[in-house]
Amino acid sequence: MPLKLYNTLTRRKEVFESLEPGKVKMYYCGVTVYDYCHLGHARACIIWDIARRYLSWRGYDVRYVQNFTDIDDKILNRAKAEGSTMQEVAERFIQAYFEDMARLNVMEANEYPRATHTLDGIKRLIHDLEQKGYAYPASGDVYYSVRAFPEYGKLSGRKLEDMQAGAGGRTDADPEATKKKDPFDFALWKAAKPGEPSWESPWGAGRPGWHIECSAMVRDRLGDTIDIHAGGSDLIFPHHENEIAQSEPATGRPLSRYWLHNGMVNVGGEKMSKSLGNFTTIRKLLDSGLDPMALRLFILQAHYRKPIDFTDEAIAAVQNSWETLKEGLLFGYKFGEKLGWTDTADPFFGDPAAMRINLESDPVQRFQTSMDDDLNTSGGVAVLFELAKELRKEGNILTHEGKTEADAQTLRQQWQTLVVLAEILGLAAKPVEPESLKLTDSEITALIEQRQIAKQAKNFAESDRIRDQLKAQGIVLVDKPGGVTEWHPG
RNA sequence: GGGCUAGUGGCGAAGUGGUCUAACGCUUCGGUCUGCAAAACCGACAUUCCCCGGUUCAAAUCCGGGCUAGCCCUCCA
C-alpha cells in the first residue's frame, strides 16, 4: 500500500514519491516570532512533526527544515512598544518556542534558518528575478511583477480577474500602491525607514519583504526542488503562492512536489488568531494542568485538514482519553516484572527505538493503512486505543487476581506495538518515580489494617476516611474478595 | 462578489459505491464486583449519515439543485 497525501496544488490525494528514492526534503513554514505560540501553531507543529515521524518510520531519510521569520513589522512594533530591539524580541520568542515544543514532544528540526541569517540568499534571489524580468526597483523598493508569471494563482486556484473584486478596499489604502506597476505586485525588498533595522543591498539599504525569505531559505538549505512544503492553510494565499512565483522563475524548476496544508483551530466557530484576540497560548494551557500528551491527542483525533473547535468540553474529554492510553503505555513498567519479562531493569527498557515488533500484525497493518491515507491520525489513534484497552484489561486482572491467563510474550508484543505506534504519533508516557509518596510501606499497611478493623466494626465513616486519606497521598486501595485489601500507587 | 473545503449519534470524530443494522474516543444509563465506592469488566445508546431530486442491481459514499458552516481573497499555523 502506497502512502497518499493530499496535494493542495492538484487538489487531490496523490501517491507520494520522493524526488530521490529513500530521501525526503521537507520544509515547514514556521512562525513569525513576535509572541508566544498559541494552539493554532501547536496544531501545525504537531501535525508536521507527525508527518515527518511517519515518513521516517516508512523508511525515508527525512531532512526537515523549519524557518523562523525574524524580520517583520509586528516584531518591530513590539520592540518599539517595549523599548527593545527586533533582535531581542525575536530571540526571546524563539527561546519560548523551543520550550513550548519540548513540552509538546515535537522533535527538533534538522535546521532552523532565520531571515536574518539568509540575507545573501535573499539578495541573490531578488537579483536573479530582476535579471530575468520578474522584478523591478522603485525608489528603494523592489517589487515582484505578478503579471510576468502566467502560472500565478495555480496553488490557491484563483485567477487575477477573480481577485480584483475583493481587493478593492486594500489597494486604495496601500501606501506602496503608487510605486507598484500593478496592484497585485508585492514587495521583495523594502527601502529602509529611519530608526528601523536595515541591510545594505544593490537597491540601497532596506529589508526583505515577507515572502522572499522562505524562497531563499528553501533554496539555500534544501535546493531548487523539495518534496514537501507544509504549513497552515491560511498561508496558501498569498504566502505560498508568492513563494512559487519567486522561486520557480528564478530556478526554472518546481519549488515543491507536494504542498500540504493543515486546517485551522477554531474557537466558537471562528478561527483562532492573534488579530482576533481569541487565542490561548500553549504555555497557558499546559500551565493550567492539561497534560501535553492530551493536547496532542486532541489534535490527532481530527483529520489534519479539517477545522477543529477548541472548547472546554473537548479538552476535558481528551484528558480522560489520554488516561486510558497512558495506562496502556505504562503497562510494561507496571506489570512487566510480574509477567516474568527479564529486561525490565535494562536501561533501554521501554525505548521504542530498541523494540522489534511484528510489522505484519493486524494492528500495525491497520495503523499503516490509516496513516497511508493522507495521514489519517484518527484512524491510527483508534488502533492505539484498542491495544491500550486490551492491556488495561489485563493489567486490571493482574492487579486483582495477581495472574492472568494471557500469554506473557503476547502481552509483551502488544505493549511494544502500542509503544512503537504511539511514538510515531509523538505520544509517550514514562512512569513517574514514586518519590511523591510520603508514606512508607509499613505505614500504609498499618493504615490498611486500621481500616480493616473499622470495616469489621461497620464503622464505614472511619474506613472511608482512611481510604480518602490514602488516596490524597496517591495510594489507591483495591478491595479484593475475602476481605483482602491491596494497594498501588494511583 | 470570487475561490476552496465541509455538513455522520448526547458530544468529538473515522469511513467516500456493496463486508456500514456506520470504527475509535468522551459522556450517559443498566449490570457484575463492593458495606458503599473506586478501578476494571459486560451490555445499551445513529436501521441511519443536512434537505430535495437523479444515476445504479446497490449510495453516508457518485451527479444536479438547495440550505448551513468554516477558511482564503489584508498580517496569520
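Just so it is clear: chains get the letters A, B, ... in the order the sequence lines come, proteins before strands, and each one is counted from 1.
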Trainee: Classify A:Ile236 by what it touches in the nucleic acid, base, sugar-phosphate, or nothing, heavy-atom distance under 4.0 Å.
Mentor: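 The answer is nothing, as A:Ile236 stays clear of every strand by at least 4.0 Å.
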Trainee: Have a look at A:Arg451 and say if it touches a base, only the backbone sugar-phosphate, or nothing, with a 4.0 Å heavy-atom cut-off.
Mentor: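 Base contact - A:Arg451 has a heavy atom under 4.0 Å of at least one base atom.
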Trainee: For a quick check of understanding: with a heavy-atom distance under 4.0 Å over all strands, which category does A:Gly30 fall into, base, sugar-phosphate or nothing?
Mentor: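 A:Gly30: backbone/sugar contact only, no base atoms under 4.0 Å.
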Trainee: Just compare B:G70, B:G15, B:C71 and give me whichever is closest to any side-chain atom of A:Asn376.
Mentor: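 Nearest to the side-chain atoms of A:Asn376, counting from C-beta on, is B:G15.
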Trainee: Taking atom C1' of B:C24 as reference, at what distance in whole Å does atom NE2 of A:His303 sit?
Mentor: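 Distance, rounded to whole Å: 16 Å.
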Trainee: Starting at CG of A:Asp468 and ending at C1' of B:A39, how long is that distance when rounded to a whole Å?
Mentor: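 So the two atoms are 15 Å apart, to the nearest Å.
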Trainee: Do A:Lys13 and A:Asp373 meet the salt-bridge criterion of a basic N to acidic O distance under 4.0 Å?
Mentor: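 Yes, A:Asp373 and A:Lys13 are salt-bridged.
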Trainee: Is there a donor-acceptor contact under 3.5 Å from the side chain of A:Ser370 to the main chain of A:Phe367?
Mentor: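 The answer is no, because no donor-acceptor pair under 3.5 Å joins these two groups.
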Trainee: For A:Phe237, which contact category applies under a 4.0 Å heavy-atom criterion: base, sugar-phosphate, or nothing?
Mentor: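 Contact class for A:Phe237: sugar-phosphate only.
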Trainee: Can you tell me whether the side chain of A:Arg467 and the base of B:A38 have a donor-acceptor pair closer than 3.5 Å?
Mentor: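 Between B:A38 and A:Arg467, which were checked side chain against base, a qualifying N/O pair under 3.5 Å is absent.
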Trainee: Between B:U34 and B:G25, how far is it from one P atom to the other, in whole Å?
Mentor: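 Approximately 28 Å lies between the P atom of B:U34 and that of B:G25.
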Trainee: Scan A:Thr311 against the nucleic acid and name what it touches under 4.0 Å (heavy atoms): base, sugar-phosphate only, or nothing.
Mentor: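 Nothing, no nucleic acid heavy atom in range.
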Trainee: Indicate, with a heavy-atom threshold strictly under 4.0 Å, whether A:Glu270 touches base, sugar-phosphate, or nothing.
Mentor: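 The answer is sugar-phosphate, as A:Glu270 gets under 4.0 Å only of primed atoms, P, OP1 or OP2.
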Trainee: Crowded around A:Lys4 NZ? As in, over 12 foreign heavy atoms under 6.0 Å?
Mentor: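 No, NZ of A:Lys4 has 12 or fewer neighbouring heavy atoms, counting only those of other groups under 6.0 Å.
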Trainee: Is the CD atom of A:Glu82 crowded by more than 12 outside heavy atoms at less than 6.0 Å?
Mentor: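 Yes.
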Trainee: Any ion pair linking A:Lys393 and A:Glu390 (charged N to carboxylate O, less than 4.0 Å)?
Mentor: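 No, no charged N to carboxylate O under 4.0 Å.
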Trainee: For A:Gly40, report the nucleic acid contact type (base, sugar-phosphate, nothing); a contact means any heavy atom under 4.0 Å.
Mentor: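 Result for A:Gly40 = base.
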Trainee: Do A:Arg257 and A:Glu14 sit within salt-bridge range, that is, some charged N less than 4.0 Å from a carboxylate O?
Mentor: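 Not counted as a salt bridge, because no side-chain N and carboxylate O are separated by less than 4.0 Å.
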Trainee: Both distances under 3.5 Å, Watson-Crick or G-U wobble: report the partner of B:U61, or none.
Mentor: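 Its partner: none found.
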Trainee: Return the nucleotide paired to B:A13: Watson-Crick means purine N1 to pyrimidine N3 with N6-O4 or O6-N4, wobble means G-U with N1-O2 and O6-N3, both under 3.5 Å.
Mentor: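 Here B:A13 is not engaged in any pair, so there is no nucleotide opposite it.
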Trainee: Determine the Euclidean distance between corresponding C1' atoms of B:C36 and B:C49; express it in Å to zero decimal places.
Mentor: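 The same atom, C1', in both gives a distance of 43 Å.
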Trainee: Expressed in whole Å, how much space separates the C1' atoms belonging to B:G31 and B:U68?
Mentor: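 Their C1' atoms lie roughly 42 Å apart.
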Trainee: Can you check the distance between B:C33 and B:C41, where both ends of the measurement are the C1' atom (answer in whole Å)?
Mentor: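 After rounding to an integer number of Å, I get 9 Å for this pair.
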Trainee: Base, sugar-phosphate, or nothing: which does A:Ala314 touch, judged by heavy atoms less than 4.0 Å apart?
Mentor: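 If one applies the 4.0 Å heavy-atom cut-off, A:Ala314 turns out to touch nothing in the nucleic acid.
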Trainee: Could you give the NZ-to-P distance, from A:Lys271 to B:U5, as a whole number of Å?
Mentor: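 Rounding to the nearest Å, NZ of A:Lys271 and P of B:U5 are 18 Å apart.
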Trainee: Just by distance, do the side chain of A:Tyr144 and the backbone of A:Ala245 share a donor-acceptor pair under 3.5 Å?
Mentor: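 It does hold such a pair.
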Trainee: Can you tell me the distance, in whole Å, between the CG atom of A:Leu9 and the P atom of B:U5?
Mentor: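 It is 13 Å, rounded to the nearest whole Å.
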Trainee: Does any N or O donor sit under 3.5 Å from an N or O acceptor when you compare the side chain of A:Asp464 with the base of B:G35?
Mentor: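 Yes, a donor-acceptor pair under 3.5 Å.
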Trainee: Please tell me whether A:Phe98 and A:Tyr112 form a close aromatic pair, meaning their ring centres lie under 6.0 Å apart.
Mentor: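 Close enough - the centres of the two rings lie under 6.0 Å apart.
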Trainee: Side-chain donor or acceptor of A:Lys393 under 3.5 Å from a matching atom on the base of B:C41?
Mentor: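 No, no donor-acceptor pair under 3.5 Å.
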Trainee: Just the rounded figure in Å: distance from P of B:A37 to NZ of A:Lys455.
Mentor: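 Roughly 13 Å, once rounded to whole Å.
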Trainee: When the P atoms of B:U61 and B:G54 are compared, how many Å lie between them, rounded to an integer?
Mentor: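 Roughly 14 Å separates the two P atoms.
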Trainee: Using OP1 and OP2 only, check whether a side-chain N or O of A:Lys471 sits under 4.0 Å from B:A37.
Mentor: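 So the side chain of A:Lys471 is outside the cut-off, no N or O lying under 4.0 Å from OP1 or OP2 of B:A37.
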Trainee: So which nucleotide from B:G35, B:A14, B:C75 ends up closest to the side chain of A:Ser275?
Mentor: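 My answer, after comparing the listed nucleotides, is B:C75.
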Trainee: Pick the P atom in B:G17 and in B:C26, then give their distance to the nearest Å.
Mentor: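 It works out to 29 Å between them.
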Trainee: Give one of base, sugar-phosphate or nothing for A:Cys37, where a contact means two heavy atoms less than 4.0 Å apart.
Mentor: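 No contact.
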Trainee: The side chain of A:Ser233 is closest to which nucleotide in this list: B:A77, B:G35, B:C71?
Mentor: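 Minimum distance to the A:Ser233 side chain belongs to B:C71.
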Trainee: Give me the distance, rounded to whole Å, that separates B:U21 from B:G12 when you measure between the P atoms they each carry.
Mentor: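 The answer is 24 Å between these two P atoms.
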Trainee: Between A:Arg158 and A:Gly231, who's closer to the 5' end of RNA chain B by nearest nucleotide?
Mentor: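 So the residue in question is A:Arg158.
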Trainee: Just by protein heavy atoms under 4.0 Å, how would nucleotides 26-31 of chain B read 5' to 3' in B, S and -?
Mentor: SS----
Trainee: Taking atom P in both B:C29 and B:A14, compute the distance separating them and give it to the nearest angstrom.
Mentor: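 Per the computed distance, 27 Å lies between those P atoms.
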Trainee: Given atom CG of A:Leu297 and atom P of B:A13, what is their separation to the nearest angstrom?
Mentor: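 Answer to the nearest Å: 13 Å.
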Trainee: Given B:G7, B:C71, B:C72, identify the nucleotide with an atom nearest to the side chain of A:Lys306.
Mentor: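 Among the listed nucleotides, the one closest to the side chain of A:Lys306 is B:G7.
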Trainee: May I ask which nucleotide in the shown strands pairs with B:C4, Watson-Crick or G-U wobble, both distances under 3.5 Å?
Mentor: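 B:G70 is the nucleotide pairing with B:C4.
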Trainee: With sugar-phosphate meaning primed atoms plus P, OP1 and OP2, does A:Asp373 contact a base, only sugar-phosphate, or nothing at under 4.0 Å between heavy atoms?
Mentor: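 Contact class for A:Asp373: sugar-phosphate only.
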Trainee: Partner of B:G43 by Watson-Crick or G-U wobble geometry, both contacts under 3.5 Å, or none?
Mentor: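 Its partner is B:C29 (Watson-Crick or G-U wobble, both distances under 3.5 Å).
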Trainee: In whole Å, what is the span from the CG atom of A:Asn396 to the P atom of B:A38?
Mentor: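 Taking CG of A:Asn396 and P of B:A38, I get 14 Å after rounding.
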Trainee: For A:Thr69 and A:Glu213, test the side chains for any donor-to-acceptor distance below 3.5 angstrom and give the result as yes or no.
Mentor: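 A donor-acceptor contact under 3.5 Å links the two side chains.
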Trainee: How is A:Asp234 classified with respect to the nucleic acid when contacts are heavy atoms under 4.0 Å: base, sugar-phosphate, or nothing?
Mentor: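 Since a base atom lies under 4.0 Å of A:Asp234, the category is base.
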Trainee: A:Tyr34 ring centre to A:Lys274 NZ or CZ under 6.0 Å, with the angle to the axis within 45°?
Mentor: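 So A:Lys274 does make the cation-pi contact.
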Trainee: Would you mind telling me which residue lines up with the more 5' stretch of RNA chain B, A:Asn262 or A:Glu386, judged by nearest nucleotide?
Mentor: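 Taking each residue's closest nucleotide, the earlier one in sequence belongs to A:Glu386.
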Trainee: Select base, sugar-phosphate, or nothing to describe what A:Gly395 touches, counting heavy atoms under 4.0 Å on all strands.
Mentor: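 Nothing: the residue A:Gly395, judged by heavy atoms under 4.0 Å, touches no strand.
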Trainee: Taking a pair as Watson-Crick or G-U wobble with both distances under 3.5 Å, which nucleotide is matched to B:U34?
Mentor: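 Here B:U34 is not engaged in any pair, so there is no nucleotide opposite it.
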Trainee: Under 3.5 Å, is there a donor-acceptor pair between the A:Arg12 and A:Thr10 side chains?
Mentor: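 There is no such pair (donor and acceptor under 3.5 Å, judged by atom type) between the side chains of A:Arg12 and A:Thr10.
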Trainee: Starting at NZ of A:Lys4 and ending at P of B:U16, how long is that distance when rounded to a whole Å?
Mentor: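 Interatomic distance, NZ of A:Lys4 to P of B:U16: 10 Å.
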